[in-house]
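Below you'll find the structure, written out as structure tokens, and then a few comments.
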Amino acid sequence: MIWERGEENFLDNRYSRGHRWEFDGGLSIPASSSPHVVPVPLSVEANVDPEEAFIASLSSCHMLFFLSLAAQYGFLVDSYDDEAVGVMGKDAAGRSAMLRVVLRPAIVFGGARKPTASQLEALHHQAHECCFIANSVKTDVVVEPT
């Protein structure tokens with residue numbers, strides 16, 4: 001992660017929260033605090049904020065395990081589209097926290113063999129149990145397939 005002050009004062013606490021996430025493969029992602037936490041122009045609305053990234057990490061981890069499990073069970077997945085949402089609030093200690101993340105995957109299966117509703121539920125349950133991101137957080141992670 002890289003942040004630079006530039007010409008801003010900083011000590012008045014009116015500096016840009018814009019920064020970059022740098023990854024091993026060379027990818028650079030523009031990031032910032034959420035405009036819901038730090039108002040624009042001190043945050044950069046177009047950039048990814050940590051809360052969005054947290055939700056995306058949970059969604060991505062669940063999806064990757066789901067796809068692997070579906071393949072193992074012989075279910076052909078044509079597409080997987082998750083419109084995950086997170087709910088911020090105060091935890092039991094009164095601290096701001098991501099209290100709940102709801103994954104809402106819409107999955108299209110191809111081929112002749114399709115999972116039943118109970119098989120689909122079991123796949124999601126198993127993917128959730130395997131997801132090391134979900135296993136690492138206190139946030140309540142719920143899967144509501146659409």
Side-chain angles (χ1 to χ4, degrees), residues 1-6 8 10-109 114-146:
M1 181 187 61
I2 299 170
W3 174 87
E4 295 173 340
R5 179 175 61 87
E8 295 166 327
F10 185 78
L11 295 177
D12 64 1
N13 206 26
R14 296 195 49 78
Y15 56 90
S16 174
R17 273 47 170 201
H19 56 283
R20 288 187 323 276
W21 294 335
E22 303 286 330
F23 293 93
D24 293 344
L27 185 61
S28 177
I29 306 289
S32 176
S33 60
S34 168
H36 299 290
V37 177
V38 177
V40 173
L42 301 179
S43 65
V44 184
E45 193 169 16
N47 292 8
V48 177
D49 63 62
E51 297 82 4
E52 291 174 310
F54 179 76
I55 295 164
S57 290
L58 284 164
S59 175
S60 180
C61 186
H62 182 88
M63 178 198 70
L64 292 169
F65 278 109
F66 182 93
L67 294 175
S68 178
L69 292 164
Q72 288 174 35
Y73 291 112
F75 298 117
L76 177 65
V77 177
D78 285 340
S79 67
Y80 185 111
D81 181 7
D82 187 0
E83 295 189 20
V85 295
V87 177
M88 296 284 295
K90 299 287 185 185
D91 67 9
R95 297 175 299 218
S96 293
M98 183 72 65
L99 300 177
R100 182 177 174 97
V101 172
V102 180
L103 307 180
R104 294 192 175 121
I107 303 160
V108 176
F109 291 92
K114 311 264 195 286
T116 64
S118 63
Q119 288 171 320
L120 185 59
E121 183 180 334
L123 281 167
H124 279 297
H125 178 76
Q126 194 174 358
H128 181 71
E129 292 295 313
C130 292
C131 176
F132 48 84
I133 303 291
N135 291 334
S136 302
V137 299
K138 296 186 291 184
T139 302
D140 184 23
V141 181
V142 179
V143 181
E144 295 177 349
T146 59

Self-check item: For Leu103 against Ser59, the heavy-atom pair lying closest together
Solution: CD2-CA, 3.8 Å
Quiz item: What is the distance from atom NE2 of His36 to atom OG of Ser43, rounded to the nearest 0.5 Å?
Solution: 9.0 Å
Quiz item: Rounded to the nearest 0.5 Å, how far does CZ of Arg5 lie from CZ of Phe10?
Solution: 8.5 Å
Quiz item: Between the side chain of Ser136 and the main-chain N/O of Phe132, is any donor-acceptor distance below 3.5 Å?
Solution: yes
Practice problem: Give a yes or no on whether the backbone of Leu64 and the side-chain of Ser68 come within a donor-acceptor separation of less than 3.5 Å. | Solution: no
Self-check item: Ile55 side chain reached by Met98 side chain, heavy atoms, under 4.5 Å
Solution: yes
Quiz item: Are there more than 12 heavy atoms of other residues, nucleotides or ligands under 6.0 Å from atom CD of Glu83?
Solution: no
Quiz item: Hey, does Val37 have a side-chain heavy atom less than 4.5 Å from the side chain of Glu51?
Solution: yes
Exercise. Taking all heavy atoms of Ala31 and all of Trp21, pick out the closest pair and write down the distance.
Key: CB-CE2, 3.4 Å
Self-check item: Closest heavy-atom pair and its distance - Asn47, Gly18
Solution: ND2-CA, 4.5 Å
Exercise. Taking the side chain as every heavy atom from C-beta outward, state whether Asp78 and Phe109 have any pair of such atoms under 4.5 Å apart.
Key: no
Exercise. Measure the CE-CD1 distance between Met1 and Ile29 for me, rounded to the nearest 0.5 Å.
Key: 14.5 Å
Self-check item: Sidechain-backbone polar pair: Asn135 side chain, Glu129 backbone, donor-acceptor under 3.5 Å
Solution: yes
Self-check item: Pairwise side-chain contact, Val85 with Val87, heavy-atom cut-off 4.5 Å (strictly under)
Solution: no
Quiz item: Between the side chain of Glu8 and the main-chain N/O of Ser16, is any donor-acceptor distance below 3.5 Å?
Solution: yes
Quiz prompt | Any Leu120 side-chain heavy atom under 4.5 Å of Phe66 side chain | solution = yes
Quiz prompt | Whether His128 and His62 hold their rings parallel, tilted or perpendicular, with breakpoints at 30° and 60° | solution = tilted
Quiz prompt | Point-to-point distance, once rounded to the nearest 0.5 Å, from CG of Leu69 to CD of Gln119 | solution = 13.0 Å
Quiz prompt | Minimal non-hydrogen separation, Ser33 against Asp49, with atom names | solution = C-CB, 3.9 Å
Self-check item: Rounded distance [0.5 Å steps], NZ in Lys90 versus OG in Ser96
Solution: 3.5 Å
Quiz item: Is atom CD of Glu22 surrounded by more than 12 heavy atoms (other residues, nucleotides or ligands) closer than 6.0 Å?
Solution: yes
Quiz prompt | Rounded distance (nearest 0.5 Å) linking atom CG of Leu123 with atom CG of Leu67 | solution = 10.5 Å
Quiz item: Which atom names give the shortest non-hydrogen contact between Gly89 and Leu99, and what distance separates them?
Solution: CA-CD1, 3.6 Å
Quiz item: With no hydrogens and no angle check, is any side-chain donor or acceptor of Asp82 less than 3.5 Å from a backbone partner on Arg104?
Solution: yes
